[in-house]
Structure formats: C-alpha cells, structure tokens
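Notes to accompany the following structure.
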Amino acid sequence: MRARKLPPLVAVLAVLGALTGGAPATGQNPPASPTPRPGGVLTLAQREETPQGFAIHETSTVSTTWPAMPCFSNLVLFDPRKPQESADTVIGELAEKWSWQDNYRNLVFFLRKGVRWHDGQAFTSKDVKFTFDMLREAPDAQGKLRINPRKDWYVNIVNVEAPDPSTVIFHLKRPQPSLLLMLASGYTPIYAAHVPPAQYRTSCVGTGPYKLKEWRKGEFIEYVKNPDYFVKGRPYLDGLKYVIIKERGTRVAALQAGQVQAAFPGDTSKTTAEQLRKAVPQLVVTRAAENVNENVIMNTKKPPFDNVKVRLAVAHAIDRRALNQAVHQGGAAIGVSMPSKPWGIWGPAEAALATLPGYGTPAEEKARARKLMAEAGYSPEKPVKVEIVTRAIAVYVDMASFIVNELKQIGIEATLKQMATAQWHAMATRGEYQIGANLTGVGIDDPDANYYENFACTSPRNYTFYCNEQIAAMVDKQSGEIDPRKRLALVLDIQKKLEEEGARPTLDWRVDNFAQWPQVKNLVPHNNFYNYGRLQDVWVDK
C-alpha cells in the first residue's frame, strides 16, 4: 500500500513531468483479463551470463538486474503496471507508508510486519540500516561491497536510524526530492543483514516473489514461487526461467519460435521488431525508452585524451544522426546527458542541441574536429593511434564500429578491442583504457541518479575521471532545489557545460521495441528497463 498523500517535496517531480510533457511508453499490449489465472512458468531470454550473479548492488548492467529482481524487494518501487515512471507512480513494497519530516530533512519509512527472508528469518529495520550503511560506506557499516557503483547516490544521507523493528529514518544533510525515486529503482533492493554481501554473487536470499531454484551457469536461471510472499495472492506464476542465449540472432529465433515468451529488454531493434511482426503478427511489440545512452568515454588522465582539444574533436567528429540511421535505423533518440522529450523530461530542446559539439551540420562538425586535432598536433596524414574498448555484446559492437570509422576521418586510427562484461566494469573503474564505446544506463530518469553516479569526482562510475568542482556545486544545487522550473534551468545549464568540455560525449538515447507473446499478461515495459523486472503481477493466459 502506498502512502495516502504524495509528500510535497516529492510532488514537484510529478509537476515537472506535466510541465515538460513526458510521454508514456507506447505499444499494443492488450488489456489484462480481470481474473488472472495462476500457475505456469514464464520463459524469458537472457542475453549473457549474469556477470555479478544476483549482487545487484555490485552491478551496473541490466544483465544482472533483469534476472535478479524477482528475488528481491525494495522499500518502494515504481508501479509495475504504469509505463511512465514518476513520483506519482512510486508504491510501497517493504515500506507500507512513508513521510517527509523536519522540513524535508528526514525521510521516515514504516515497514511491513511479518515479512520473512527466503531462508525463514524475519525481515526488520536492521536489514534496511545494514543495506544503506553498506551502500554509503559508513564508518561503522557491517557489510562491504567489492565494488559500489552507486555509492554517490547516497552522499546526502547523514545516517540511517532504526529506532524499532518496523521504523527506519533517513537523516539528510539537505532536502533531496529525488531520494525517494532512487530508492524505487530496481538497483536499490534490500539485502539481508545476516547474509554476507559476497554470497549474492552466487546465490540469492531475498524477500521477493520468487525464490532461486537453480542457476546453471551459461544455461539458465530458474525460480519458483515464494509461498510466503508478503503480497496476498502474488505472484501468479509458479516459476520463471531465464534462458541464456548469447548470440543475438539465436535469441530472436527463439522468441519467434516461442521457445522464449519474452525478449531481453533493450534487445529488439526497430528492424528486428519489423521482421518479427511480419513473421509472427500476433507478437506484442511495445516501443519504450530504455533510459540508456550511447556515449564515448575518454580517460582524461591518459594521452591524448588528457587534452581537451582532442576530446572535443571526438565530440565534433561523430555524426549522431548518421549513427542513429546506420545502427538504429532511425529508432534512437538524439540527446545529451539527460533524455529529451518525449522519452525524458530533463533534456534540452532541439534548437539548444544544435549549438553543442557534434549536433550541427556534419561537414562543419568534421571540419571543426580536424582543426582541433591539428592544434593538438595530429591529422589524417599524421594520425594518433589508439585502442578503443567496448563490451563484447552486439549492441555495443554495432555502435563502436561506427565510431571507429568516424574517428579515422579526423586523424584518430582506432583498433577495436572487445571485452567480456565480467571484466568491463572493473577495467573502466580502474581506468585501464584510453577510449571506449560505452552504454550508460541510469536507474531513474532524474539528474541526481545520473550526475552523482557518472560525473561526481570520486564516483566509481566516473570512468573518465573528469572532475569539475564548479559543475559539482551546480549538481548539489539542483539536487536541493524544490522549485521544478528552477531545477530544470540548472539541469539544462549542467548539460551544456558537460558537452562543451567533452566530459563524456553523448551520442543518442536507446529506444527498445520490447517483444512478447500475447499470452503473457501484465508485463508492462517502462521508460526505464532497470525497474520493471519484479514480475509479481505477470501471468500467462494459456
């Protein structure tokens, strides 16, 4: 049950959504039956082995969140039945209700009673405090993560108090309207205080709707219904099975043949969706934002990318619209560090984009890039040779191959190196690269989640090591601003400065064409594919 009234500080985000015209995901999903039928097993595609097992707090990829979310619960979650996420769609999970207090510097959660972990132990406020002390790396934290990609989401938390087993209080340094939304992300499950965090890399003890039955590495992940789940009558299904199919064409063929009943999120391009519709007209295809952007990461501590002129040359050189046509068949959305309308509410308008590096006329942009490279001492006749790294996943390689060709035209000869996901994030965190073709997903459509995670000077996810104290101060200012119009103006200014300094040039925002068989009910793609994988309301109409 969600809180009866949306707290005023959180409500401003809902106002901003209305102000800027955020649009819902669109599709042809048929209405659900009023009487869901329990039973059955849903089979879903999984594009690779989950790289961190079920350790969501140590991961930065949907390859982990998608198959791990059914095991867990959050304090709050975005309503799985509502495709456009906002403050209005936050509902309670382990928290029955919540309240902002003390001039919005304390966020109080009142927890469900009688909830049990999959191993039978009782869930209490101790587990919540354990989780968030670990995430914010408090000096007295009882747990420690091997890698903590989103620790900067929680820099505004002074401490987490558990005054009794069913109450938790987050004490903040200053107001932060976005904290509640970050807590609703699929990236923010509650861990058990009695389970070592490292254990989640190989098994899962959660409070979620499904219990782990078997994980056969390289083959499948299988869940069974949790009979003690705290929501009466849920889940509907007897189980879930995620079939690991590494080759993209094979995954499409498996979906087309009905061997899997739903695609992997973000896997279905515009062209693939059209082919599937022709082959199997009854398939349900829903066009929805992923909240993932394609970008170029450049190590600002290593030459030649320690030179801002070279970074800006890269930004100017890549023709975003040509990339969209060549790689996405026009199906992606052009934007910078926050997605623009209709898929997001924070990005700049088209006219403002045209003034930023890489968004003007292609010939003029290439000329500016060559001029900057010449000033740095390079040219197509005297190129700089670099290695460009990317993940060994088709959607990465498609984009990276296009970038290699673009850079060659301005005097950067790049050889492409593909890396397994298990090595990718650790490599980027350590800065063991020069330049990379990257996808960055953000847990919610909000500046706090993006900027603290990917651009904060000390964040583990700041792969470029770009650090600008002025921008850091601007990020803090927008985070605490409760006037939606003032906050939007600050965020637009931040986006402009990031692009003008070649911090992490954005190329586009990916848009999915999520495909599923019509007998799958209540699996509603959101405008963010990290947040709809709980599947407690999904059922199969046989």
Side-chain angles (χ1 to χ4, degrees), residues 47-65 68 137 144-153 187 197-198 200-202 217-218 246 266 292-307 310-311 314 318 384-404 407 412-443 450 452-467 502-507 510 530:
R47 74 180 178 190
E48 61 180 336
E49 184 64 85
T50 174
Q52 282 85 23
F54 306 90
I56 288 180
H57 286 305
E58 293 185 331
T59 195
S60 300
T61 174
V62 70
S63 294
T64 297
T65 57
E137 298 182 359
K144 184 176 176 59
L145 299 170
R146 177 171 56 184
I147 184 172
N148 188 5
R150 284 167 298 283
K151 74 170 186 176
D152 283 74
W153 279 21
Y187 272 131
Y200 285 103
R201 299 172 202 152
T202 55
K217 291 189 177 182
K246 294 184 179 180
V292 172
N293 69 65
E294 296 182 332
N295 60 84
V296 181
I297 51 174
M298 292 174 278
N299 192 330
T300 60
K301 294 184 178 296
K302 289 187 178 182
F305 303 107
D306 55 348
N307 186 334
V310 176
R311 298 201 303 273
V314 171
I318 301 170
V384 57
K385 296 183 179 181
V386 300
E387 180 181 75
I388 183 168
V389 295
T390 199
R391 280 169 72 180
I393 299 174
V395 295
Y396 279 74
V397 176
D398 292 344
M399 176 256 302
S401 300
F402 183 91
I403 291 172
V404 167
L407 297 185
I412 299 177
E413 286 190 3
T415 56
L416 185 60
K417 179 181 178 180
Q418 300 181 39
M419 300 184 66
T421 297
Q423 285 77 49
W424 170 261
H425 293 104
M427 173 279 302
T429 301
R430 293 192 296 264
E432 296 171 349
Y433 76 100
Q434 288 177 283
I435 182 173
N438 184 46
L439 269 63
T440 296
V442 186
N450 190 355
Y452 283 118
E453 181 178 342
N454 297 300
F455 296 95
C457 293
T458 60
S459 171
R461 284 268 277 166
N462 183 354
Y463 296 152
T464 69
F465 306 102
Y466 168 85
C467 180
R504 187 189 291 207
T506 306
L507 306 180
R510 295 176 56 84
Y530 296 104

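Hydrogens, waters and symmetry mates play no part in the numbers below; they use all other heavy atoms, side chains included.
When side chains are defined from C-beta on, Ser63 does not count as touching Thr421, because their heavy atoms never get closer than 4.5 Å. Contact of the Arg47 side chain with the Thr61 side chain is registered, since non-hydrogen atoms from C-beta on lie closer than 4.5 Å. Counting heavy atoms from C-beta outward, Val404 and Ser401 have side chains that stay 4.5 Å or more apart.
Residues passing the side-chain contact (heavy atoms from CB on, under 4.5 Å) test with Ser459, sequence neighbours excluded: Asp152, Ala456, Arg461, Asn462. Checked against ring pair (Phe, Tyr, Trp, His ring centres under 6.0 Å), Tyr433 has no partners two or more places apart in sequence or in another chain. For Tyr530, the ring pair (Phe, Tyr, Trp, His ring centres under 6.0 Å) partners are Tyr187, not counting sequence neighbours. By the salt bridge (charged side-chain N to carboxylate O under 4.0 Å, His left out) test, Glu432 is found to be paired with Arg430, residues two or more places apart in sequence or in another chain being considered.
With rounding to the nearest 0.5 Å, the separation of CD in Gln52 from OG1 in Thr65 is 10.5 Å. Separating the CE atom in Met298 from the CZ atom in Arg311 is a distance of 6.5 Å, to the nearest 0.5 Å. Rounded to the nearest 0.5 Å, atoms CG (Leu507) and CG (Leu439) are 9.5 Å apart. Taking CZ of Phe465 as the start and CZ of Phe305 as the end, the distance is 14.5 Å to the nearest 0.5 Å. To the nearest 0.5 Å, the span separating OG1 on Thr429 from CD1 on Ile147 amounts to 3.5 Å. Atom CG of Asn450 sits about 6.0 Å away from atom CZ of Phe455, to the nearest 0.5 Å.
For the side-chain contact (heavy atoms from CB on, under 4.5 Å) with Leu407, the qualifying choice from Ile412, Val296, Val384 is Ile412, the only one to do so.
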Worked check of side chain to side chain donor-acceptor pair (under 3.5 Å) between Thr440 and Arg504: CA-CA 10 Å; Thr440 296; Arg504 187 189 291 207; 3.0 Å; yes
From CA spacing to verdict: side-chain contact (heavy atoms from CB on, under 4.5 Å), Gln434, Asn299: CA-CA 5 Å; Gln434 288 177 283; Asn299 192 330; 5.6 Å; no
side-chain contact (heavy atoms from CB on, under 4.5 Å) between Ile56 and Tyr200, worked out: CA-CA 8 Å; Ile56 288 180; Tyr200 285 103; over 6 Å; no
Would you give me the side-chain donor-acceptor pairs under 3.5 Å for residues 392-400, sequence neighbours excluded?
| residue | atom | partner | partner atom | Å |
| --- | --- | --- | --- | --- |
| Tyr396 | OH | Arg391 | NH1 | 2.8 |
| Asp398 | OD2 | Arg248 | NH1 | 2.9 |
| Asp398 | OD2 | Arg248 | NH2 | 3.2 |

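Side chain of Glu49 to backbone of Gly218: a donor-acceptor contact under 3.5 angstrom is found. No donor-acceptor pair under 3.5 Å is formed between the side chain of Thr59 and the backbone N or O of Ala55.
A donor-acceptor pair shorter than 3.5 Å cannot be found between the side chains of Thr506 and Asn293.
For residues 55-65, the pairs satisfying salt bridge (charged side-chain N to carboxylate O under 4.0 Å, His left out) are Glu58-Arg201, with sequence neighbours left out.
Residues Thr390 and Ala437 share a closest heavy-atom pair of OG1-O, 2.8 Å.
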